[in-house]
Asks: 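Please read through the structure below; I'll follow up with questions.
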Amino acid sequence: MKKIGLLLFVLALIGWMLKDTFTQSGIEDLKGGFAEVGSYRNENNTGPVQRIYSVTVKDTTQAQLKEYGDLMPHNKYGNTKVYYFLEGKEVPSKLLPGDINFDTKFNNNCFALYEKSAMGNVGLVRWPFR
């Protein structure tokens with residue numbers, strides 16, 4: 001009887017872990033209507049990894065910008081930037097490494113910038129180019 005009880009407990013535990021694994025929330029569950037337009041990742045695997053994304057947002061009033069940025073890949077000692085643009089405006093699809101990540105003609109369309117630094121510090125800046 002003890003073996004059957006233990007077996008049922010283990011099966012229930014495995015079932016609970018599998019359910020939890022396959023029902024994790026993701027980007028599609030966030031409010032705001034996000035769509036990734038462009039991305040860049042440098043090829044340096046031995047030094048700082050730089051990840052840059054340009055993303056459009058349908059609804060800026062309810063958009064979960066910080067949560068979206070938190071779900072993006074990040075490496076220890078790397079840097080992740082997410083530039084947010086309103087859907088329907090011009091958005092850069094080609095992103096570049098360094099301090100200036102896209103053509104300056106898109107600056108006025110960028111309404112927010114999420115950045116996660118090499119040490120894991122997170123920042124969200126509204127209208128970063130004003």
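Keep in mind that this is a model prediction, so the values were computed, not measured.
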Asks: So does Ile100 have more than 12 non-hydrogen atoms from other groups sitting under 6.0 Å from CD1?
Replies: no

Asks: Where do Tyr114 and Lys66 come nearest, in terms of heavy atoms and distance?
Replies: CE1-O, 3.8 Å

Asks: Under 4.5 Å between side-chain heavy atoms, chaining through other members, with only Ile, Leu, Val, Met, Phe, Trp and Tyr counted: pull out the rest of the cluster around Leu113, sorted by chain and number.
Replies: Val37, Tyr40, Ile52, Tyr83, Phe85, Val91, Leu95, Phe102, Phe106, Phe129

Asks: Is it true that Tyr84 and Val122 fall in one hydrophobic cluster, defined by side-chain heavy atoms closer than 4.5 Å?
Replies: yes

Asks: Report the residues that fulfil side chain to side chain contact (heavy atoms under 4.5 Å, CB included) with Leu96, sequence neighbours left out, ordered by chain and then residue number.
Replies: Lys94

Asks: Among Leu124, Thr60, Val55, find the residue that satisfies the side-chain contact (heavy atoms from CB on, under 4.5 Å) test when tested with Leu65.
Replies: Leu124

Asks: Strictly by modelled atom types, are Arg130 and Asn107 linked by a side-chain donor-acceptor pair under 3.5 Å?
Replies: no

Asks: Step through the shown structure and confirm whether more than 12 heavy atoms of other residues, nucleotides or ligands are within 6.0 Å of CG on Asn108.
Replies: no

Asks: On a heavy-atom basis, which atom in Lys116 and which in His74 lie closest, and how many Å separate them?
Replies: O-CE1, 3.5 Å

Asks: Under the 4.5 Å side-chain heavy-atom rule for ILVMFWY, direct or indirect, which residues accompany Leu7?
Replies: Leu11

Asks: Applying a strict under-4.5 Å side-chain criterion to I, L, V, M, F, W and Y, I'd like to know whether Leu18 and Val10 cluster together.
Replies: yes

Asks: Indicate whether any N or O donor in one side chain lies under 3.5 Å from an N or O acceptor in the other, for Asn101 and Lys81.
Replies: yes

